[in-house]
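The structure that follows is given in the form of C-alpha cells.
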Protein chains: 2
Amino acid sequence: MDFQPDAEIDHEGPVTPYRQLAGILRARIARGEWQPNKPISSETQLVQQYGLARTTVRRAIAVIVEEGLVFTVPQRGTYVAPQQAVPDDKASPGQAG
Amino acid sequence: MDFQPDAEIDHEGPVTPYRQLAGILRARIARGEWQPNKPISSETQLVQQYGLARTTVRRAIAVIVEEGLVFTVPQRGTYVAPQQAVPDDKASPGQAG
DNA sequence: GTAGATTTGTTCGTATGTATA
DNA sequence: TTATACATACGAACAAATCTA
C-alpha cells in the first residue's frame, strides 16, 4: 500500500486515519519534501491540512518517530532524522524504543 | 556537536538559537578570541552579528555565565572568567576573585 | 554638573510549538 | 475539541550605571 504525499484521509476505509497519515508523512519524507534536521509541518498545520484531531496527528507522528524517521524536540518541533533509509511502506528498522 | 566560531544561526534546526549561540561563544572563548578579564562582544553587537533578538542573546550569555565561562558586570559588560579550562560538556569551576 | 553614547537590567506584548488535562 | 501550561523567539520600550567630552 502506498500513500500519496497529497492524499486525503479516508475515514471510511479499513486503515485507521493515524496509520494513513503516518504513511503520507513517510512518503513526503521519502520524496525529500523535508530535509534532514529540518522540521516537518507542525502538529497544528497537519491538523488543519488533513482535517484530523490533534491526538490523531500526534499518534501518526509517534509511529514514524518509533521508526526512526523523525525525532521530536520538546517545545520545538518534529525533525527529519539525519541520513535515514526511508522504508517503502512498512518497515522495522530494528530499533524501536 | 561543535559550533564554529563564525557559524551562523540555523533558525530551522532542532537546536534552539540561544543554545547555538552559547556554543559559538564557547568556541570563540576556547580559541582565545577574548582574553581572560576582557569583555566579549556587547549584547548589541551580538544581536547585529548573529541576527538574533536581544532576549535571545541574553539567554545565551546566561548559559555560559552559569557555566562559569564568563561573568557579567552591570552597566559594564560581560567578561571572560580568569583561568579556567573550557569544558567539553559541563563544568563548575571555582569562583573568580 | 550637564549631555550624549554605550551597556546591562527589566518588563510588556505578540507569536509559535509542544505537553498535558 | 477546547483550554491551559511551558519553552522559545522576536520586538519594543524604559531604567540605571558607566564612560567620554
Side-chain angles (χ1 to χ4, degrees), chain A residues 8-9 11 16-18 20-22 24-25 28-29 33-81 97, chain B residues 1 3 7-26 28-29 33-82 90 95-96:
Chain A
E8 290 184 5
I9 302 297
H11 293 264
T16 58
Y18 85 90
Q20 290 180 54
L21 180 56
I24 290 171
L25 295 179
R28 295 180 69 173
I29 292 172
E33 187 172 331
W34 297 303
Q35 295 302 311
N37 285 310
K38 295 298 180 183
I40 69 173
S41 298
S42 69
E43 296 179 357
T44 302
Q45 289 175 323
L46 293 175
V47 165
Q48 297 173 337
Q49 182 167 0
Y50 294 100
L52 295 171
R54 182 108 185 266
T55 51
T56 305
V57 168
R58 286 176 63 77
R59 196 178 309 223
I61 291 176
V63 170
I64 57 176
V65 164
E66 194 70 15
E67 294 172 346
L69 279 175
V70 300
F71 60 98
T72 296
V73 180
Q75 275 74 49
R76 189 88 176 123
T78 299
Y79 296 77
V80 177
Chain B
M1 193 181 299
F3 294 91
E8 289 185 5
I9 302 298
D10 179 12
H11 291 261
E12 308 259 297
V15 179
T16 59
Y18 86 90
R19 287 194 181 282
Q20 289 180 55
L21 180 56
I24 290 172
L25 295 179
R26 225 178 271 126
R28 294 180 70 173
I29 292 172
E33 188 172 330
W34 296 304
Q35 295 303 311
N37 287 310
K38 295 295 182 182
I40 69 174
S41 298
S42 71
E43 296 178 357
T44 301
Q45 288 175 325
L46 293 175
V47 164
Q48 297 173 337
Q49 181 167 1
Y50 293 100
L52 296 171
R54 190 162 161 237
T55 50
T56 305
V57 168
R58 287 177 59 76
R59 199 181 304 245
I61 291 176
V63 170
I64 57 176
V65 164
E66 192 71 14
E67 295 172 346
L69 279 174
V70 299
F71 60 96
T72 295
V73 179
Q75 280 70 53
R76 279 292 281 166
T78 298
Y79 297 75
V80 177
K90 61 174 187 209
Q95 186 65 30

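Every chain is numbered from 1, with letters handed out A, B, ... down the list of sequences.
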Problem set entry | By ring pair (Phe, Tyr, Trp, His ring centres under 6.0 Å) - contacts of B:Tyr18 (at least two apart) | none
Exercise. Does B:His11 place a side-chain N or O at less than 4.0 Å from the phosphate oxygens OP1/OP2 of D:dC10?
Worked result: yes
Seminar exercise, completed: Taken to the nearest whole Å, CG/B:Leu52 to C1'/D:dT8 is 12 Å
For this session: Please report, rounded to the nearest Å, how far the C1' atom of C:dT11 is from the CZ atom of B:Arg59.
Result: 14 Å
Exercise. Can you tell me if B:Gln20 uses its side chain to pair, donor with acceptor, with the backbone of B:Val15 under 3.5 Å?
Worked result: yes
For this session: Measure the distance from OH on A:Tyr79 to C1' on C:dT16 and round it to the nearest whole Å.
Result: 11 Å
Under 3.5 Å, which protein N or O atoms sit close to an N or O of nucleotides 17-21 of chain C? Give each pair with its distance.
residue	atom	partner	partner atom	Å
C:dT18	OP2	A:Glu43	N	3.1
C:dT18	O2	A:Gln75	NE2	3.4
C:dA19	OP2	A:Arg58	NH1	3.0
C:dA19	OP2	A:Arg58	NH2	3.2

Problem set entry | Value rounded to 0.5 Å, distance of CD1 in B:Ile29 from CH2 in B:Trp34 | 6.5 Å
Problem set entry | Partner of B:Leu21 by side chain to side chain contact (heavy atoms under 4.5 Å, CB included), out of B:Val57, B:Ile61, B:Thr56 | B:Val57
Exercise. What pair of heavy atoms forms the shortest contact from A:Pro74 to A:Thr72, and how long is it?
Worked result: CD-O, 3.7 Å
Exercise. Expressed in angstrom and rounded to an integer, what is the separation of B:Glu12 atom CD from C:dT16 atom C1'?
Worked result: 13 Å
Problem set entry | Spacing of B:Tyr18 atom OH relative to D:dC6 atom P, expressed in whole Å | 16 Å
Problem set entry | Minimum-distance pair of heavy atoms, taken over all atoms of A:Gln49 and A:Arg28 | NE2-NH1, 3.4 Å
